Amino acid sequence: MNTNTKQAVAEKAAGRNRFRTREIVLVGMFAAVLAVISQISLPMPSGVPITVQVFGVALVGAVLGYKLGFLATVVYILIGAAGLPVFANFHGGIASLTGMSGGYILAWPVMALLSGIRPGFQNRKLNLAVMLLLSLAGLMIVEFAGAFQWSRLAGDRSLMSIIIYSFVAFIPKDVVITVLAVILGTQIRNPLVKAGYLV
């Protein structure tokens, strides 16, 4: 291998390392964004607070894409599981994941993944419409996963009654903020792609 070839290989490897560093930084930053957004909540007597956390989840996916969005959400959950108070109302620890609201949290990586899928159609409106549908599908997975765990632990409430309650207390608000998060996330992502921070 001649000197020029070695230099080209070294430069290519250095470029890959810089890109990986950028990815790690972005994952950490958006895990922190989730931690901040999670503190915007209203405690409820039911034990499951009203929050805007799905806004953060959809935003992370829409900005970072499905791979990094999924990873940032998993990192956030692992940090919370380790005991740092990053979940709603400054809670942390495994108990937050095994408690009545844990099903919602555990399903967030799926929502982030779906929110981060970029269909790649030439038509921008079609692209956005598909992204919104995928994000809302992710939201429904979160809502049903959360309702299932909640019903298993509540004892005095059936799955159907919790789903009906969710459609009144959570889902209308969550649909609106999910749509807003995807639209905003797309706007934030574009300059990051142009600057070379994302691909």
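Predicted model only: the values in this text are computed from it and were never measured.
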S.K.: Answer yes or no: is there a side-chain heavy-atom contact under 4.5 Å between Ile171 and Met140?
M.R.: yes
S.K.: Is there a path from Trp150 to Ile94 through hydrophobic residues (I, L, V, M, F, W, Y) whose side chains come within less than 4.5 Å of each other?
M.R.: no
S.K.: For a quick test of your reading: what N or O donor-acceptor pairs under 3.5 Å do the side chains of residues 183-194 make, sequence neighbours left out?
M.R.:
unit_1 : atom_1 : unit_2 : atom_2 : d
Thr186 : OG1    : Val182 : O      : 2.8
Arg189 : NH1    : Val63  : O      : 2.8
Arg189 : NH2    : Val199 : O      : 2.8
Asn190 : ND2    : Thr186 : O      : 3.3

S.K.: Looking only at heavy atoms, which two atoms of Ser96 and His91 are closest? And how far apart?
M.R.: OG-CB, 3.7 Å
S.K.: Does a side-chain heavy-atom distance below 4.5 Å link Gln53 with Tyr104?
M.R.: no
S.K.: Do Glu23 and Leu68 come close enough that some side-chain heavy atom pair is under 4.5 Å?
M.R.: yes
S.K.: Looking at Val60 and Leu34, what are the two nearest heavy atoms and their distance?
M.R.: CG2-CG, 3.9 Å
S.K.: Could you grab the distance from atom CG of Asn89 to atom OG of Ser101, nearest 0.5 Å is fine?
M.R.: 9.0 Å
S.K.: Using the test side chain to side chain contact (heavy atoms under 4.5 Å, CB included), find all partners of Ala62 that sit at least two apart in sequence or belong to another chain.
M.R.: none
S.K.: Please name the pair of heavy atoms, one in Ile163 and one in Phe144, separated by the smallest distance, quoted to 0.1 Å.
M.R.: CD1-CE2, 3.4 Å
S.K.: What's the spacing between Phe170 CZ and Glu143 CD if we round to 0.5 Å?
M.R.: 7.5 Å
S.K.: Hey, can you pull the donor-acceptor pairs under 3.5 Å for the side chains in residues 126-134, sequence neighbours left out?
M.R.:
unit_1 : atom_1 : unit_2 : atom_2 : d
Asn127 : OD1    : Gly120 : N      : 3.1
Asn127 : OD1    : Phe121 : N      : 3.0
Asn127 : ND2    : Phe121 : O      : 2.8

S.K.: If you apply the rule side-chain contact (heavy atoms from CB on, under 4.5 Å), what do you find for Val142 with Trp108, and how did you get there?
M.R.: CA-CA 6 Å; Val142 168; Trp108 286 345; 3.8 Å; yes
S.K.: Are Leu159 and Phe167 connected, step by step, through hydrophobic side chains (Ile, Leu, Val, Met, Phe, Trp, Tyr) whose heavy atoms are closer than 4.5 Å?
M.R.: yes
S.K.: Please report the shortest heavy-atom distance between Ser166 and Pro172, naming the atom on each side.
M.R.: O-CD, 4.1 Å
S.K.: Could you go step by step and tell me if Thr178 and Met111 meet the side-chain contact (heavy atoms from CB on, under 4.5 Å) rule?
M.R.: CA-CA 10 Å; Thr178 295; Met111 183 179 179; 3.5 Å; yes
S.K.: Could you measure the distance from the CG atom of Leu113 to the CD1 atom of Ile141? Nearest 0.5 Å is fine.
M.R.: 9.5 Å
S.K.: Using the rule that Ile, Leu, Val, Met, Phe, Trp and Tyr join whenever any side-chain heavy atoms are under 4.5 Å apart, tell me whether Leu64 and Ile117 fall into a single cluster.
M.R.: no
S.K.: Mind listing the closest non-hydrogen atom pair of Ser158 and Ser151 along with its distance?
M.R.: C-CB, 4.0 Å
S.K.: For Leu106, which residues count as a side chain to side chain contact (heavy atoms under 4.5 Å, CB included) partner, sequence neighbours excluded?
M.R.: Leu97, Gln149
S.K.: Could you go step by step and tell me if Ile40 and Thr51 meet the side-chain contact (heavy atoms from CB on, under 4.5 Å) rule?
M.R.: CA-CA 6 Å; Ile40 304 171; Thr51 72; over 6 Å; no
S.K.: Report yes if the side chains of Arg157 and Tyr165 come closer than 4.5 Å at any heavy-atom pair, otherwise no.
M.R.: yes
S.K.: Decide yes or no on side-chain contact (heavy atoms from CB on, under 4.5 Å) for Tyr66 and Leu114, but give the supporting numbers first.
M.R.: CA-CA 6 Å; Tyr66 71 95; Leu114 290 173; over 6 Å; no
S.K.: Donor-acceptor pairs under 3.5 Å, side chain of residues 69-87 to any protein atom, not counting sequence neighbours: which ones?
M.R.:
unit_1 : atom_1 : unit_2 : atom_2 : d
Thr73  : OG1    : Gly69  : O      : 2.8
Tyr76  : OH     : Ser38  : OG     : 2.7
Tyr76  : OH     : Val86  : O      : 2.9

S.K.: Could you list the residues that satisfy side-chain hydrogen bond (donor to acceptor under 3.5 Å, both in side chains) with Thr98, not counting sequence neighbours?
M.R.: none
S.K.: Is there a path of hydrophobic side-chain contacts, each under 4.5 Å between heavy atoms of I/L/V/M/F/W/Y residues, joining Leu59 to Leu180?
M.R.: yes
S.K.: Tell me whether the count of non-hydrogen atoms from other residues, nucleotides or ligands lying under 6.0 Å of CZ in Arg152 goes above 12.
M.R.: no
S.K.: Check the surroundings of atom NZ in Lys67: do more than 12 heavy atoms from other residues, nucleotides or ligands lie under 6.0 Å from it?
M.R.: no
S.K.: Heavy atoms, side chains only, cut-off 4.5 Å: are Leu198 and Leu26 in contact?
M.R.: yes
